[in-house]
Each structure stands twice: as C-alpha cells, then as structure tokens.
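Here's the structure, in structure tokens; my notes come after.
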Amino acid sequence: MIRDQRLRYAWYGPLLVVVASWLFPIIWTAMTSFKPEGGLIGLKPVFTFTPTLDNYIELFTEKAYGRLMLNSLLIAGGATALSIFLGCLAAYALSRSRLRGREQVGLWILSLRMLPPIAIVVPFYLILSRGGLLDNYIGVVLVYLSFSLPFAVWMLQGFFSEVPRSIDEAASADGARPLKILFVFIVPLCRGGIAVTTMFTFVFAWNEFLFAFLLTREQWVTLPVRLGSTITPFQTDWGSLTAGAIVSFLPLIIVVFLLQREMVRGVSL
C-alpha cells in the first residue's frame with residue numbers, strides 16, 4: 001500500500017511540469033494584457049507592475065472589438081448550428097444505410113476536410129465575388145461549412161452507429177417516421193457525442209483565419225483577422241494583441257464549461 005502511494009506521488013512531479021507548460025503561455029498572456037504601456041517595451045520581462053484595464057478599455061472603445069466578437073459569434077455559431085443539423089441528417093442516413101462501402105463514403109467525406117485551405121480559397125473567392133457574396137454573412141457561413149460539415153458528419157456517424165438498430169425498428173413499428181426517430185430517439189441518446197462534435201466544430205470555426213481574411217473586408221471581419229493586424233513589419237501592439245487574445249479565448253472557455261458534462265460522456269463513447 002505504501003509503495004503504491006509513493007508511486008502515485010512520484011507521478012505528481014511530471015504532471016505538474018506538463019500542466020505548468022500548458023498554462024504558462026496563457027498566464028503570461030493574461031499578465032501582459034494587464035501591463036501598462038511602459039511595461040510592454042524592452043527586452044527584459046517585467047514581473048512587478050501596477051495592473052491596468054487600459055488595454056481592454058481601448059479594445060472596446062477605440063477598436064470596436066465588441067462588433068468583431070459579435071461577427072465571430074454569429075459566423076462560428078451559424079456554421080456550427082448548420083453543420084450539426086445537416087451532419088445529423090447525413091450521419092444518420094450513413095449509419096443506417098445497408099449499402100456496401102458506406103465506411104468508405106464516410107472517409108471520403110472526411111477527406112474533404114483534409115484539403116489545404118490555401119488550395120480552395122481562390123475558387124471560393126471567385127465564386128463569392130461573382131455571386132455578390134463577398135463580405136456577406138451567408139457567403140462566409142457557406143464557406144465555413146466546407147470544412148466544418150465533413151468533420152461533423154464523420155464524427156456523428158461513429159456515434160450514431162453505436163446506437164442499436166432495434167431502437168429504430170421498435171419506433172418504426174409504432175409508426176414513427178425516420179426524422180422523428182432521429183430527433184426524438186437517436187439524438188437524445190447521442191447527446192454526448194453531439195456535444196463533443198459541437199465543441200470541436202465551434203472551435204475550428206472560431207479560430208479560422210485564412211477564409212475570413214480573404215473573404216471579408218469591413219462588415220464581417222472576424223476577431224482572429226483583427227488580431228493578426230496588430231502584428232506589422234514595423235511594430236507589434238502587444239497590449240491589444242494580448243488583451244484581444246484573452247477576449248477571444250473567453251467564448252471557448254464558456255462553450256467548454258457549458259458542455260463539459262456531455263463532453264465527458266461523448267469522449268467515453
């Protein structure tokens with residue numbers, strides 16, 4: 001018993017090192033965001049300073065980060081909602097299909113997610129430009145579906161396949177149609193997997209940079225694009241960059257916090 005306890009305690013040291021290595025960049029970014037302007041210059045790091053909210057106040061008063069956050073939430077949220085809804089329909093059809101090679105179909109759908117964004121952004125730009133959808137909410141969300149929907153279909157197909165077909169057969173015997181079977185019986189049973197898929201899809205859409213950088217101009221510019229503009233060949237606005245990074249990080253923390261219980265269940269599945 002004593003030996004087992006010693007072995008368990010021996011793991012605490014390496015675990016603390018790993019956790020510290022993960023948390024240090026976030027903690028350092030948060031500390032830097034509260035530094036006054038004088039503490040953001042120079043090669044020597046400053047550990048003692050008087051915290052200030054000037055960088056955060058400047059974000060929302062002078063640099064319109066409130067509108068940028070709203071743009072990112074609407075685009076990422078819209079793309080995620082559409083991906084989950086359409087992904088449920090496609091994944092349920094694939095998981096219940098008796099066609100040969102349906103596993104290969106799922107892999108083919110996932111392969112669309114593997115295309116390099118730089119290889120397809122120019123065709124997207126030409127399509128949206130000719131369709132009058134540049135810097136347009138619908139156009140940007142449709143482009144985001146190109147990488148979020150294949151991932152959602154592939155993930156959800158695996159979760160739906162774990163649900164016994166006997167549930168479908170029993171519901172069908174009672175007169176339930178396929179859509180009712182899906183949303184009344186299958187979706188509640190797979191809510192953990194759907195939560196995991198929702199989280200990953202939202203994170204991918206929230207952090208996306210290249211499509212938003214080239215397909216938006218002024219009205220629908222997202223938070224990652226504006227954060228990237230703080231770094232120039234001549235200088236870096238460290239105050240805005242670090243404060244903006246913390247602001248952009250908060251919605252992801254909220255999503256993970258709200259879905260944490262279902263995430264554990266989904267990861268277990």
Side-chain angles (χ1 to χ4, degrees), residues 11-80 140 144 195-196 198-214 216-264:
W11 281 102
Y12 287 172
L15 287 176
L16 289 175
V17 172
V18 172
V19 172
S21 65
W22 287 346
L23 292 179
F24 176 76
I26 301 174
I27 295 174
W28 183 257
T29 301
M31 289 178 56
T32 305
S33 68
F34 289 106
K35 289 182 179 180
E37 185 176 357
L40 297 172
I41 58 176
L43 298 177
K44 185 178 180 180
V46 178
F47 293 95
T48 57
F49 58 91
T50 303
T52 178
L53 294 175
D54 291 345
N55 294 323
Y56 291 93
I57 295 174
E58 183 181 0
L59 290 183
F60 292 96
T61 57
E62 300 180 12
K63 300 186 176 180
Y65 266 62
R67 181 175 64 84
L68 297 174
M69 284 195 67
L70 181 61
N71 288 350
S72 293
L73 284 172
L74 291 175
I75 292 174
T80 300
V140 176
Y144 274 42
V196 173
T198 300
M199 185 202 69
F200 280 112
T201 304
F202 182 83
V203 169
F204 292 151
W206 179 268
N207 290 329
E208 202 287 320
F209 174 82
L210 182 62
F211 290 136
F213 177 71
L214 295 176
T216 61
R217 295 171 180 170
E218 294 180 2
Q219 185 175 359
W220 288 100
V221 174
T222 60
L223 197 55
V225 174
R226 184 55 57 85
L227 283 176
S229 67
T230 61
I231 303 175
T232 67
F234 306 101
Q235 65 176 358
T236 300
D237 188 354
W238 291 109
S240 297
L241 179 61
T242 54
I246 296 300
V247 168
S248 67
F249 192 52
L250 291 178
L252 303 182
I253 296 178
I254 294 174
V255 170
V256 173
F257 177 77
L258 293 176
L259 300 179
Q260 60 178 340
R261 181 177 300 177
E262 301 299 337
M263 280 174 52
V264 173

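As the structure is a computational prediction, the values presented were derived from the model and not from experiment. Along the sequence shown, residues are numbered consecutively beginning with 1.
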From [X] [atom1] over to [Y] [atom2], what is the distance, rounded to the nearest 0.5 angstrom?
{"X": "L241", "Y": "L59", "atom1": "CG", "atom2": "CG", "value": "10.0 Å"}
{"X": "T216", "Y": "I75", "atom1": "OG1", "atom2": "CD1", "value": "7.0 Å"}
{"X": "T242", "Y": "Y56", "atom1": "OG1", "atom2": "OH", "value": "6.5 Å"}
{"X": "R67", "Y": "E218", "atom1": "CZ", "atom2": "CD", "value": "8.5 Å"}
{"X": "S33", "Y": "L53", "atom1": "OG", "atom2": "CG", "value": "9.0 Å"}
{"X": "L73", "Y": "T222", "atom1": "CG", "atom2": "OG1", "value": "11.0 Å"}

Let me check something: any side-chain donor-acceptor pairs from residues 16-29 under 3.5 Å, sequence neighbours excluded? List them with distances.
from, atom 1, to, atom 2, distance (Å)
S21, OG, V17, O, 3.4
S21, OG, V18, O, 2.6
T29, OG1, P25, O, 2.7

Donor-acceptor contact below 3.5 Å, side chain N55 vs main chain K35 = yes
key: Shortest non-hydrogen contact between N71 and Q219, atoms and distance   = ND2-O, 3.0 Å
Heavy-atom pair of closest approach, residues M69 and L223 = CG-CD2, 3.9 Å
Solution key, residues 199-212 side-chain donor-acceptor pairs under 3.5 Å, sequence neighbours excluded:
from, atom 1, to, atom 2, distance (Å)
T201, OG1, T197, O, 2.7
W206, NE1, S248, O, 3.0
N207, ND2, V203, O, 3.4
E208, OE1, Y144, OH, 3.1
E208, OE1, F211, N, 3.3
E208, OE1, A212, N, 3.1
E208, OE2, L210, N, 3.0
E208, OE2, F211, N, 2.7

message = Quick one, V225 with W220, criterion side chain to side chain contact (heavy atoms under 4.5 Å, CB included). Give me CA distance, side-chain angles, the key distance, then yes/no.
response = CA-CA 10 Å; V225 174; W220 288 100; over 6 Å; no
task = Let me see the working for K63 and D237 under side chain to side chain contact (heavy atoms under 4.5 Å, CB included), right down to the final yes or no.
result = CA-CA 12 Å; K63 300 186 176 180; D237 188 354; 2.7 Å; yes
